Amino acid sequence: MRHPSAADTSRRKPSRIALVDANSFYVSCERVFDPSLAGVPTVVLSNNDGCVVARSNEAKALGIPMGEPWFKLAARAKEWGLVQRSSNYELYGDLSARFMELLGRHTNALEVYSVDEAFLGLNGEPEELVTEGQQIRRTVLRNTGLPVCVGIAPTKTLAKFANRIAKQNPAMNGVCNLDTMPPAHVDHIMSRVPVTGIWGIAGRLGKRLNSMGIFTIADLKASDPVVMRKKFSVLMQRTILELNGIPCIEIELEREDKKQMIFSRSFSTPVTTIAEMHQVLSIYAQSAAARLAKGEQLAKVMNVFAGTSHFHQSASSFPSVTVKLPAPTADPVILTKAAVGALDGVLMEGVPYARAGVILTDLSPAGYQPQFDEFVSVHEHRNIGDLLGKVKGKYGTASIGLGRAGMLAPPDWTMSRKHSSPRYTTEWAELPVVKAS
DNA sequence: ACGAACTAG
DNA sequence: TTTTCTAGTTCGT
C-alpha cells in the first residue's frame, strides 16, 4: 500500500515540504459522525462550554470570532441556525491518529506538528507533487472523512504560506504548490498579506516590524536577514531566509521529550472551600502523575496554582507556589501530597476560585531499574497504601483514588459538557449505528 | 534565575 | 451569571 514516492524520500533529503492541515479540524470531526452538520454554521466550544475554539466556514462567515464566549452567541444562535458542540477530545485525538497514520504512508519524513497538521518531506516535479497532494486529500477524506488542504514549497515557512493560499482559494481544490505559480503572482499575494500572516509573527513582533516600515510578507521577505538578526533574533533571520526559499528549519522526525507537563482546568462552578480545593488538587496531581508515567518521565519541580475569575475584580487572587520534590518522581502519592501541601496556608476560605493547575518541570527520562524491580515495586506498593490511607483520612475518601477508584460521584465543579457528541471511536457503548433503508 | 508576557494551534 | 488548554520561547528584572 506504500505510495511510490515513499521510496524517493528514503535516499536523500527531501527537496520539498508539504504542510497538510485539516480544515476546521474539530468541526470536521463532528461532521464525520453527524452528516446533518454539513453546510450548517457550527462551532465547537471549549471545556465547560465556555467559548468558541473551532468554527466552520459558515460560522466564520457569520462573523463569529475565535474565542467568542458562547453566552454572547446563544441569543442569536436560533435565528442564525448556528449549532454548537462541546469539545470531544477523545474523538479528535483518535481521528488525528488515523489521519497521521495515513500521511505516514506518503513519506518517510513526517513531522506531526499538532493535532491537525503535519509536515511531510516530498520529492518530485512540481506537477507530480500537486498530483500527490490531491492523492493525500482523497486518501484522508475517504479513510477518515476529514477535509484537508495541502501547501507545498521548498521551506516550512513557505509551505505554511502555500497552505493558507490553498485554504483561501477554493478554485485550487485544496492544493497549492508554490513552485507551480508564477513568481510575480506569489510576490503579488505576499505584498497584500499583513506580516502577521506568516508563521511565527504575531502581534508584538508585528508592531515592531510595522514601526520599521515592514507591513507585508513581501516587505519582510525583502529585508536584510543579517540586519534583522541583529535587531530581533536568529529566529527572525531564519524566517526571512525561509521566505526566500532557503531552508533553515528542519523537519523534526522524533518528538523530543517534553520539558514541562501542565494539568490545568477551569471549574464549572467556583470552588470556595479549602477542603474542596484539596480534593481538586489531589485529582489534578494524580492526572499529572498518570501523564508523566505514560511519557516515562520523572519530575523534580512542581508548581501549583489557583486563580479566581479575571472577570470579577473583587477578591481576585492568583496564588502560585513552586516546590522542589525530594527526588525525581512520577509517584502519584508523592505528587498528590506535594500538590496539596504546596498551597497549604496560601488558599483562603471563601474565595471563589475559578481554576487550578499543576505544572511539573525539570523532567527527566524514567530509565530502567531492572535489577531490584520486584523489591522496588513491593516497597512502593506498601508506601502507596500507607500514604493513601493518610490522605484519605485527612481529606475524605473521595480526595484521592488511583484510577477512578476513589471517586464515588463527580463533584459539582467538574467540567461540564452539555452538548457533547458520543465517543464514537473509543467507547464500545458509543459506537455509531448505521441503518440501511 | 525567575516570573510575566507572548506565540501557536 | 456566563470567558480553553498545553507547550514552548522571549523578555524584563
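Just so it is clear, the model here is predicted, and its values are computed rather than measured. Letters A, B, ... mirror the listed sequences (proteins, then strands); counts begin at 1.
Between A/R208 atom CZ and C/dC11 atom C1' there is a gap of 10 Å when expressed in whole angstrom units. The separation between A/N88 atom CG and C/dC5 atom C1' is 16 Å, rounded to whole Å. Here the P atom of nucleotide C/dT6 and the CD atom of A/E256 are 21 Å apart, to the nearest Å. One can place CZ of A/F318 at 15 Å from C1' of B/dA5, the figure rounded to the nearest angstrom. Rounded to whole angstrom, the span from the CG atom of A/L363 across to the C1' atom of C/dT6 amounts to 13 Å. Atom CG of A/N47 is separated from atom P of C/dT4 by 9 Å (rounded to the nearest Å). We find that CD of A/Q297 is positioned 14 Å from C1' of C/dT6, with the value rounded to whole Å. Atom-to-atom, CZ of A/F305 to P of C/dA7 comes out at 12 Å; the value is rounded to the nearest Å.
The backbone N or O of A/E250 lies less than 3.5 Å from a partner atom in the side chain of A/K156, making a donor-acceptor pair. The main-chain N or O of A/T239 is never found under 3.5 Å from a side-chain atom of A/T157 such that the two would form a donor-acceptor pair. A donor-acceptor pair is defined here as one N or O able to donate and one able to accept, closer than 3.5 Å; no such pair exists between the side chain of A/S309 and the backbone of A/A354. With A/D21 contributing its side chain and A/N163 its backbone, the two residues share no donor-acceptor pair below 3.5 Å. Looking at A/Q260, its side chain never comes within 3.5 Å of a backbone N or O of A/T361 through a donor-acceptor pair.
Of the candidate nucleotides C/dA7, B/dG3, C/dT4, B/dG3 has the atom lying nearest to any side-chain atom of A/T322. The side chain of A/M261 has C/dA7 as its nearest neighbour among C/dA7, B/dG9, C/dC11. Among the nucleotides C/dT3, C/dC5, B/dT7, the one closest to any side-chain atom of A/P69 is C/dT3. Considering only side-chain atoms of A/F71, the nucleotide from B/dG9, C/dG8, C/dT3 that sits closest is C/dT3. Ranking C/dT6, C/dT3, C/dT4 by closeness to the A/S266 side chain, first place goes to C/dT4.
Using a 4.0 Å heavy-atom distance criterion, A/G357 is classed as making no nucleic acid contact. A/Y113 comes within 4.0 angstrom of the backbone, heavy atoms only, and of no base. Residue A/L45 is out of contact with every strand shown, counting any heavy-atom pair closer than 4.0 Å. Contacts of A/W70 with the nucleic acid, taken as non-hydrogen atoms under 4.0 Å apart, are absent. A/R291 comes within contact range of the sugar-phosphate backbone alone, with a heavy-atom separation under 4.0 Å but no base atom that close. As judged by a 4.0 angstrom heavy-atom cut-off over every strand, A/E117 is placed among residues touching the sugar-phosphate backbone only. Residue-level contact check: A/K72 touches neither bases nor backbone, having no heavy atom under 4.0 Å from any strand.
Contact between the side-chain N/O atoms of A/R204 and the OP1/OP2 oxygens of C/dC11 is not found at any separation under 4.0 Å. Phosphate proximity of C/dT3 to A/R355: absent, as no side-chain N or O sits under 4.0 Å from OP1 or OP2. Considering only side-chain N and O atoms, A/S46 lies nowhere under 4.0 angstrom from the phosphate OP1 or OP2 of C/dT3. Applying the 4.0 Å criterion to OP1 and OP2 of C/dT6, one finds that A/S264 has a side-chain N or O inside that range. Contact between the side-chain N/O atoms of A/K160 and the OP1/OP2 oxygens of B/dG9 is found at a separation under 4.0 Å.
Listed by chain and residue number, A/Y26, A/Y89 satisfy the ring pair (Phe, Tyr, Trp, His ring centres under 6.0 Å) test with A/Y92 (two or more places apart in sequence, or in another chain).
Residue order along DNA chain C, read from the 5' end via each residue's closest nucleotide, puts A/G67 first among A/K258 and A/G67. Toward the 5' end of DNA chain C, the nearer of the two residues A/L205 and A/I262, judged by each one's closest nucleotide, is A/I262.
Only the C1' atoms considered, B/dT7 is 16 Å distant from C/dT4, to the nearest whole Å.
Looking only at atom types and distance, the side chain of A/S86 has a donor-acceptor partner in the side chain of A/D49 under 3.5 Å away. A donor atom on one side chain and an acceptor atom on the other are found under 3.5 Å apart for A/R355 and A/S264.
Listed by first then second residue, pairs satisfying ring pair (Phe, Tyr, Trp, His ring centres under 6.0 Å) with a partner in residues 195-226 of chain A read A/Y113-A/W199, A/F119-A/W199, not counting sequence neighbours.
At a non-hydrogen distance threshold of 4.0 Å, A/L235 from residues 227-235 of chain A come into contact with DNA chain C.
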